[in-house]
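A short write-up of the structure that comes next.
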Amino acid sequence: MTGPIVAIVGRPNVGKSTLLNRLAGRRLAVIADLPGTTRDRVFAFVSWQGRELTVVDTGGWQTKPQGSLEQKVKQQVEVAIARADAIIFLADVKDGAIAGDEEIAGVLHATNKPVILAVNKVDSAKQVNQVADFYRLGMGEPVAISAHHNRGIDELMDAVLASLPPRPVTATEPGEAKLAIVGRPNVGKSTLLNALLGEERAVVDESPGTTRDTLDAVISWGDKRITLVDTAGIKRRGRIGAGVDFYSVLRALQAINRCDVALLLIDASEFITAQDMHIAGYIIDAGKGMMLVVNKWDLVPEEQRQTFKRSTERRLAFAAHTPVVYISAKLGQGINRILSQAWEIWEERQKRIPQSAVNELVREALSSHPPPRTGSRELRIARAYQDESQPATFILEVNDARLIHFSYRRYLENKLRRGFGFGGVPLKLIFTKAARKINRKTNVRA
């Protein structure tokens, strides 16, 4: 099922990006002490107490936007509010509950959505007492936090989870895969869906924003069952134009959350864009299988095709494991390759490797290319195995996870991929502290 979307909303410079980075566990958004630093939205897939969430960072809400850029930021915040399942309303204890907070509170009251008021930058006992001032916003009991110092985050996220409806329980039948068609508006997603279905299930038009809602279609492919999700650009009645693309991305994120394999559709006539790369990053972050589907290939002259392929390979170097299919959805060219390739990726995602085989491969990797030393310290790995609950995830028990250099992580990932495959599936390596001291004799034991 769709992972809930949680939007972080508040005035400029109250710490929204810092909070997102804290929840995501890594530095995703640009942080600065100047108001208005965050211009574009940043998304993070966050797991909290086993619940998968999509957390959306938004630009600062300006009471009186100055210029077109601030107006556009405000409009996109409105889109995030409209699409969110729950909202974290972030305020700054140092400023107190000021007029800008009151304006945001009025907007959020009208949404009838769960809102959790978090008061940030509470770093002392004196500031805890100042939190009471925020009761007058009428948003219920405020949660005192310090995103920078990691205080109150557990209480905040417990409140967020409590505000969401219970997670629906769904059963996936053996041999059933969920494929999401994702991509920028007007790249041909509805046309591809219709071509795969062999019928006019979705309304297709030359202008962006034709699809009004997400359309799921279930098809039987041999003895296999496949659910196709269409996520074309959406523009609802009364929705401001500036937010259309952002709204579409949120819908795509929901589809990515609940699919097994994402078909990333791009327009060959435009080469690969920054937004295509962003969506690819979202798919990888979510741990989903991915296939790049290059549409409108018939419009690319023969003499330009190799240039296109080299450019795509260079720009998507971070997703080199991704298979590529070249098609024309309109003409039906190459369509017959999509389901078979997507099913192979789905099968790769189900793959389970015995611990003995993982240990043996990691032992050989360490032997052929020992990890670099950090001062006098050397990385040692006691045990390596595949996680049973997460697809394509490997746990490595080490003496000190801080000794892992990103280049050596990439080396181990490449070794695992060459040894075990996982084509089209992002590999996730988790380094944890070993339960007991590791010496050279116990380094990677079978």
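Side chains included, hydrogens not; waters and symmetry mates left out as well; all remaining heavy atoms used. Please read these numbers as outputs of a predicted model, since none were measured by experiment.
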Presence of salt bridge, K296 and D267, under 4.0 angstrom: yes
Reported CD1-to-OH distance for the pair I284 and Y282, which is rounded to 0.5 angstrom: 12.5 Å
From I395 atom CD1 to I430 atom CD1, the distance as rounded to the nearest 0.5 Å: 4.0 Å
H148 (side chain) donor-acceptor with L19 (main chain) under 3.5 angstrom: no
Pair F422 and H321, ring centroids less than 6.0 Å apart: no
Note, R383 side chain near V362 side chain (heavy atom, < 4.5 Å): no
Closest non-hydrogen atom pair, P142 against V119: CB-CG2, 3.8 Å
Closest heavy-atom pair and its distance - D57, S17: OD2-OG, 2.8 Å
Derivation of the side-chain contact (heavy atoms from CB on, under 4.5 Å) call for I266 and V293: CA-CA 6 Å; I266 69 171; V293 182; over 6 Å; no
Residue pair F394 / V358, side-chain heavy-atom distance below 4.5 Å: yes
Under 3.5 Å side-chain donor-acceptor pair for Y385 and S356: no
Check: C259 main-chain N/O paired with K288 side-chain donor or acceptor under 3.5 Å: yes
Residue from V143, L137, D101 passing side-chain contact (heavy atoms from CB on, under 4.5 Å) with L117: L137
Test side-chain contact (heavy atoms from CB on, under 4.5 Å) applied to L396 and L412, step by step: CA-CA 10 Å; L396 293 93; L412 290 175; 4.2 Å; yes
Beyond-backbone contact of L20 with V56, side-chain heavy atoms, under 4.5 angstrom: no
Distance, nearest 0.5 Å, that separates CD1 of I145 from CG of L90: 5.5 Å
Taking every non-hydrogen atom, the tightest pair across A7 and A84: CB-CB, 3.8 Å
Donor-acceptor pair, side chain of R315 and main chain of I272, under 3.5 angstrom: yes
Heavy-atom donor-acceptor pair, N414 side chain to Y411 backbone, under 3.5 Å: no
Heavy-atom side-chain contact between K309 and Y326 under 4.5 Å: yes
Expected output: side-chain T393 to main-chain P391 donor-acceptor under 3.5 Å: yes
Minimum-distance pair of heavy atoms, taken over all atoms of D276 and L264: O-CD2, 3.8 Å
Least distance between heavy atoms, G334 atom then V325 atom: O-CG1, 4.1 Å
Inter-residue atom distance E78.CD - T58.OG1, 0.5 Å rounding: 11.0 Å
Check: V324 and V294 side chains under 4.5 Å, non-hydrogen atoms: yes
Step-by-step side-chain contact (heavy atoms from CB on, under 4.5 Å) determination, T111 to I81: CA-CA 8 Å; T111 66; I81 291 171; 3.6 Å; yes
More than 12 heavy atoms from other groups under 6.0 Å of CD on E303: yes
Electrostatic pair E348:K351 at N-O distance under 4.0 angstrom: yes
Distance-only polar pair, side chains of Q350 and D260, donor-acceptor under 3.5 Å: no
Stepwise side chain to side chain donor-acceptor pair (under 3.5 Å) check, T191 with N194: CA-CA 5 Å; T191 305; N194 292 334; 5.7 Å; no
Electrostatic pair E270-R184, nearest N-O below 4.0 angstrom: yes
Any side-chain heavy-atom pair of L263 and M291 under 4.5 Å: yes
Short side-chain donor-acceptor distance under 3.5 Å, S328 and N295: no
Ion pair check, R363 and E360, cut-off under 4.0 Å: yes
Ring-ring centroid check F271 F308, cutoff 6.0 Å: yes
Side-chain heavy atoms of W48 within contact of I153, under 4.5 Å: yes
Separation of L53 CG from I5 CD1 (nearest 0.5 Å): 10.5 Å
Donor-acceptor pair, side chain of R349 and main chain of G287, under 3.5 angstrom: yes
Under 3.5 Å donor-acceptor, K178 side chain and I226 backbone: no
Aromatic ring pairing H369/Y408, orientation class (parallel under 30°, perpendicular over 60°, tilted between): tilted
Value rounded to 0.5 Å, distance of CD1 in I404 from CZ in R409: 7.0 Å
Flag, side chain of K415 to backbone of R410, donor-acceptor distance under 3.5 Å: no
side-chain contact (heavy atoms from CB on, under 4.5 Å) between D92 and N120, intermediate numbers included: CA-CA 5 Å; D92 187 338; N120 194 23; 5.8 Å; no
Atom NZ of K113 with >12 non-hydrogen neighbours under 6.0 angstrom: yes
For the student: nearest non-hydrogen atoms of A329 and I335, plus distance: CA-CD1, 3.9 Å
Residue pair L228 / L196, side-chain heavy-atom distance below 4.5 Å: yes
R417 (side chain) donor-acceptor with V425 (main chain) under 3.5 angstrom: yes
Sidechain-backbone polar pair: R305 side chain, W297 backbone, donor-acceptor under 3.5 Å: yes
